[in-house]
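In each ligand, atom 1 is the first atom listed, and ligand 1 is the first ligand listed.
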Amino acid sequence: MKVQRGYHHFKGNRLSRSEYIQRLVTRALLKSRVPDNKRDSSIIWELKHSSSVVQIARILALKRGLKVEYAEIIAALHDIGVIKTGKYQEHARRGMKIAKSILRKTGRFTDKEIALITNAIGSHSDKHIYSDEPYTELIKDADVFDCSLYEGVDQEYIRTKTPEKLKEYFRRLRRVRKELGLPGKKLYEQYR
Ligand SMILES: [Fe+2]
Ligand SMILES: [Fe+2]
């Protein structure tokens, strides 16, 4: 008799490649030995942000006709450099190396896939730069858009970014909001 099995809810061993990576990232946070007082942000923030960036990346991938699976994996791993060490300094480049080793260890990704995923992770902090790599642009957009949905983050950008970078951040946010059919924000118009 065929056993009916419903959604796995991330239990057991029926996870897809992407789900496996998402669980691994979540577990890394839940079991992290780096406490909040040694982190630039908190474990709670990293949990919330990594999950919500995955969802936004899915939506953008669907909109752009890109592979949702790659978008999810890149999004889940994009801040692995911070997740493991707690520090934002150079986390994209550091995360690239960590992601490479994680993906290799699974034995479920080709070298070409690993390169595509880790290149996007390695460049995700360069939000002021536009590349012609669709997954790199997708993760930059998903990341900055997710952050902008948290109250106070726009103001944090204003406080911490150079005027040139700030302009590009807000340009990205204007574009993503438009792409998703969301109303614009007055604040972003002030920094054209
Ligand atoms: Fe990041
Ligand atoms: Fe991020």
Side-chain angles (χ1 to χ4, degrees), residues 18 21-30 32 34 36 38-61 64 66 68-103 114-131 133-162 164-166 168-177 179-180 188:
S18 161
I21 296 294
Q22 289 171 56
R23 183 164 72 183
L24 189 147
V25 169
T26 308
R27 276 188 177 153
L29 277 163
L30 294 175
S32 173
V34 186
D36 281 358
K38 297 221 166 72
R39 290 180 170 272
D40 290 341
S41 64
S42 66
I43 289 175
I44 295 285
W45 158 262
E46 297 302 340
L47 279 167
K48 289 178 66 60
H49 177 59
S50 69
S51 309
S52 51
V53 174
V54 168
Q55 295 290 42
I56 292 166
R58 283 182 181 127
I59 294 169
L60 291 179
R64 297 177 187 184
L66 296 170
V68 171
E69 185 195 23
Y70 292 161
E72 288 169 353
I73 294 166
I74 293 164
L77 286 169
H78 84 281
D79 277 339
I80 193 70
V82 190
I83 288 169
K84 291 279 189 189
T85 67
K87 300 289 171 203
Y88 280 114
Q89 185 79 32
E90 281 296 305
H91 73 278
R93 316 272 175 237
R94 276 190 285 109
M96 185 178 184
K97 285 187 200 147
I98 301 169
K100 209 172 264 178
S101 126
I102 289 174
L103 294 168
I114 293 175
L116 181 146
I117 293 164
T118 57
N119 284 338
I121 294 168
S123 310
H124 86 267
S125 294
D126 304 330
K127 299 196 175 60
H128 55 297
I129 298 169
Y130 286 82
S131 73
E133 217 321 299
Y135 291 95
T136 300
E137 293 312 301
L138 183 143
I139 188 58
K140 290 176 188 173
D141 289 342
D143 189 18
V144 74
F145 177 60
D146 179 63
C147 290
S148 78
L149 295 173
Y150 291 87
E151 215 181 311
V153 172
D154 286 336
Q155 294 303 324
E156 177 87 0
Y157 288 151
I158 293 171
R159 267 200 307 276
T160 56
K161 305 283 172 206
T162 63
E164 298 77 35
K165 280 195 182 171
L166 184 66
E168 290 306 327
Y169 268 66
F170 285 173
R171 183 150 82 113
R172 248 181 217 284
L173 287 166
R174 279 199 304 271
R175 285 163 64 145
V176 175
R177 291 181 78 93
E179 181 178 0
L180 297 175
Y188 302 156

- Taking atom types as modelled, find out whether Y169 and S148 have a side-chain donor-acceptor pair closer than 3.5 angstrom. no
| message | Between D154 and Y188, is there a side-chain donor-acceptor contact under 3.5 Å, judged purely by atom types and distance? | response | yes
So does D126 pair up with R93, basic N to acidic O under 4.0 Å? yes
Using a strict 4.0 Å threshold on nitrogen-to-oxygen distance, state whether E156 and R159 make a salt bridge. yes
Listing protein N, O or S under 2.8 Å around the Fe ion (ligand 2) gives H49 NE2, H78 NE2, D79 OD2, D143 OD1
Test salt bridge (charged side-chain N to carboxylate O under 4.0 Å, His left out), reference D141, set K127, R172, R171, output is R172
Across all chains, not counting sequence neighbours, the side chain to side chain donor-acceptor pair (under 3.5 Å) partners of T26 are none
